[in-house]
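By convention in this document, chain letters (A, B, ...) are assigned in the order of the sequence lines, proteins followed by strands, and residues within each chain are numbered from 1.
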Protein chains: 2
Amino acid sequence: MARPTLASLAAELGVSRQTISNVINSPDRVKPATLERVRAAIEAAGYRPSAAARQLRTRRSMNLGMRLMPATDGINGSILDRFLHALTESAQDAGYRLTLFCADSHEDEVLQYGELLNVAGIDAFILTSSSRNDVRTKWLQDNGTPFAVFGRPWETAPGDDAARHPWVDIDGAAGTAEAVTMLTAQGHTHIAFLGWQDGGPVGEDRQAGWERAMRALGAGQDISRLRASAPDTISGGISGGRELIARGATAIVCASDSLAIGAAESLRELRPELFSPGQPAGPGVRAAVVGFDDTPVAAALGLSSVAQPVEDAARHIVRLLTFELADRAGGSSAPEQHLLLAPHVVERVPLPLAPPR
Amino acid sequence: MARPTLASLAAELGVSRQTISNVINSPDRVKPATLERVRAAIEAAGYRPSAAARQLRTRRSMNLGMRLMPATDGINGSILDRFLHALTESAQDAGYRLTLFCADSHEDEVLQYGELLNVAGIDAFILTSSSRNDVRTKWLQDNGTPFAVFGRPWETAPGDDAARHPWVDIDGAAGTAEAVTMLTAQGHTHIAFLGWQDGGPVGEDRQAGWERAMRALGAGQDISRLRASAPDTISGGISGGRELIARGATAIVCASDSLAIGAAESLRELRPELFSPGQPAGPGVRAAVVGFDDTPVAAALGLSSVAQPVEDAARHIVRLLTFELADRAGGSSAPEQHLLLAPHVVERVPLPLAPPR
DNA sequence: GACAAGAATTTGATCGATCAAATTTTGCGC
DNA sequence: GCGCAAAATTTGATCGATCAAATTCTTGTC
């Protein structure tokens, strides 16, 4: 049983091929009676247009290209999993599909753009892990290829063209500021920040949020001693946490969940009284450590953490691109070209004090 | 500057369109002199055939469909990340691409097959998270659609047709057996197994490996008390670990890394002498707990774990499908239809005794 | 009924590749 | 040079959709 085509359906109904096509793509051009008749037949036959034929004629593939980043760190990398999942779902809902590809570097990625554009016919690209002076954004702009980025440009030149491309990011500073507010509400006054040694603009942003919130607490407080940095590992979190506790910190806001796991360990080591089973549950027991990213690992360990709304980010990325690729026939308003999403702190009770489940 | 096509290149070279096509697809049909000339021109022009045009004419999309499973558990779910990455890379190397889609259930997934086959023109499917009496495998077989599964069928009926589809899996029993061997070499004699309450065939398989290895150690040893089960969470690992230690276990082989994290915690709690900084490093300090899956979290925490060669599995899946989809023109031998891959134990030193880095 | 304008539908071509058959070229033997 | 068979190349059609222009139909007015 051959699958139905435009031609077979048109012959069966005694209308033109173009009428069938119009019923699907421009129903306003078809008389209501014809519309109903044809729609019923399309439904009965289970006819669906071939994507390949469409792509060939329209020169549009309805595919968005994205490089699949290797999971360099299973703790923090799970953020991109959720992003990928939300992208796949949003694209699917909008009639698009994701085309994934692997690359060894940004430069290798750029080398593949020709193939993706000319062979696969990709309509637009989604970029993650953006960096300063990203060769990818430059190439795509020079080539006139639509794209959107998950991450701010962070460019230092105010008039830089790179800042004009569409992007969505999470307001890291707002997240760490909220973490400070939460710890303050629990009675902490010596709230430290543990960041990365080479944090880049993302790390600086998260630190700035902590700093801003701390300054808002007390004008005269010297917070410079409540700041440290370490490699983005659990061990780094342990050593950095030890240092901050030695400097008088009673709570720590961390730039990542990896650091937070380690920092929580150092608190248990140097402040065991906070974790004694017989100790009454006081403010200090609740969450002396707040991580960043709300990874499933943090959740499993009962760590409080700043949650990034990556699902919202993914949806907006898809909106940005589908809007740009649409024919502008609709009256829908343009999505925001630059969107900074607010994260929120998820409070938890740390293991192993969690009640048996 | 319009991109080159078969027609433009043929006109430029004074040969037929089909000759250009033959140079690319059937070079043996072309005279060497013509072959060289045309190849040089293809290279110079950067000509590449359009995937959409190819798909339309050949009725092959060169795409493999796979449902993107939600990350239900960031600890164990990272396995599927590596699988996805390896699939993407292997497919890419073989000239295929992955088409991802989301679905809410196996039934929802099956509902989408029509769209994926008729619209997107997917050539074959890759299944994960297979279950007994999987509606997906039945549908795909009934429909004559090529597919391969990451996971054994586990069907109870020996003549069941489902057992005939291509599959790749990891030998869980071999993994836990090796873990027992490793713990034995470290001097342990009371090696317990902590599995899932509703482990299904996968959980049973892993337990069977532990059981087999334990029986091989001592014919008369009563191992029934060295077995427990818990929910697949860290807390579950803690409570299960406590129980097994109370029954005399000195080491624990776990069905997952989540359980292992918890079991390690219970060992630290009930056998702190094993973790004292002043304790000499003896066999018992090395790895009294072995997890399963070698997740990045286990690695970060310094846990020993059974590593699944998911990259090998992914590569074999792609081989299985590309072989089935190929024209059989080549003399390459068929890949094994049913492949059980051996995992291996990765030994580590648990934090926080790891030396400062 | 004739005419004009707009709505509805149809017709012909196109997208860019490969399939399949037809045609031309080449090499060899007589 | 001719005939034949195989190699090499070309020609015509096809895949299934949409674009774009042409044609037909419908409605309203005089």
Check: [X] side chain, [Y] main-chain N or O, donor-acceptor pair, under 3.5 Å:
X        : Y        : value
A:Gln55  : A:Ala120 : yes
B:His85  : B:Glu311 : no
B:Gln112 : B:Cys102 : yes

Considering only NZ, NE, NH1 and NH2 on the basic side and carboxylate oxygens on the acidic side, decide whether B:Asp134 and B:Lys138 come within less than 4.0 Å.
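B:Lys138 and B:Asp134: not salt-bridged.
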Choosing from [options], which nucleotide comes nearest the side chain of [X]?
X       : options                : result
B:Arg17 : D:dT9, D:dT18, C:dT18  : C:dT18
A:Ala53 : D:dG16, C:dG12, C:dA17 : D:dG16
A:Val30 : C:dT9, D:dA17, C:dA17  : C:dT9

A:Lys31 or A:Ile24, whichever maps to the more 5' nucleotide of DNA chain D
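Checking each residue's closest nucleotide, the 5'-ward one belongs to A:Ile24.
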Spacing of [X] atom [atom1] relative to [N] atom [atom2], expressed in whole Å:
X       : N      : atom1 : atom2 : result
B:Ile20 : D:dA8  : CD1   : C1'   : 14 Å
A:Leu6  : C:dT11 : CG    : P     : 13 Å
B:Leu56 : C:dA17 : CG    : P     : 12 Å
A:Gln18 : C:dA13 : CD    : P     : 15 Å
B:Leu9  : D:dT10 : CG    : P     : 13 Å
A:Asp28 : C:dT9  : CG    : P     : 12 Å
A:Arg60 : C:dG16 : CZ    : C1'   : 18 Å
A:Met62 : D:dA17 : CE    : P     : 16 Å

Determine which pairs satisfy ring-ring contact (aromatic ring centres under 6.0 Å, His included) with at least one residue from residues 112-133 of chain A, sequence neighbours left out, and list them in order.
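Pairs touching residues 112-133 of chain A that pass the test: A:Tyr113-A:Phe125, A:Tyr113-A:Trp139.
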Indicate, with a heavy-atom threshold strictly under 4.0 Å, whether A:Arg59 touches base, sugar-phosphate, or nothing.
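Sugar-phosphate contact only - A:Arg59 comes under 4.0 Å of backbone atoms but never of a base.
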Just checking B:Gly14: base, sugar-phosphate only, or nothing, at a heavy-atom cut-off of under 4.0 Å?
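Sugar-phosphate, backbone atoms only, no base.
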Would you please confirm or rule out a distance under 4.0 Å between OP1 or OP2 of [N] and any side-chain N or O of [X]?
X       : N      : answer
B:Thr19 : D:dT10 : yes
B:Ser50 : C:dG16 : no
B:Ser21 : C:dT18 : yes
A:Thr34 : C:dT9  : yes
B:Arg57 : C:dC19 : no
B:Arg54 : C:dT18 : yes
A:Asn25 : D:dT18 : yes
B:Thr58 : C:dT18 : no

Do [X] and [Y] come close enough that some side-chain heavy atom pair is under 4.5 Å?
X        : Y        : answer
A:Val15  : A:Arg37  : yes
B:Asn63  : B:Tyr96  : no
A:Trp167 : A:Leu320 : no

Within residues 35-48 of chain B, which residues have any heavy atom lying less than 4.0 Å from an atom of DNA chain C?
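Output list: B:Tyr47, B:Arg48.
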So, does the side chain of A:Gln55 form a donor-acceptor pair with the base of C:dC15 at under 3.5 Å?
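It does not, because no donor-acceptor pair links the side chain of A:Gln55 to the base of C:dC15 below 3.5 Å.
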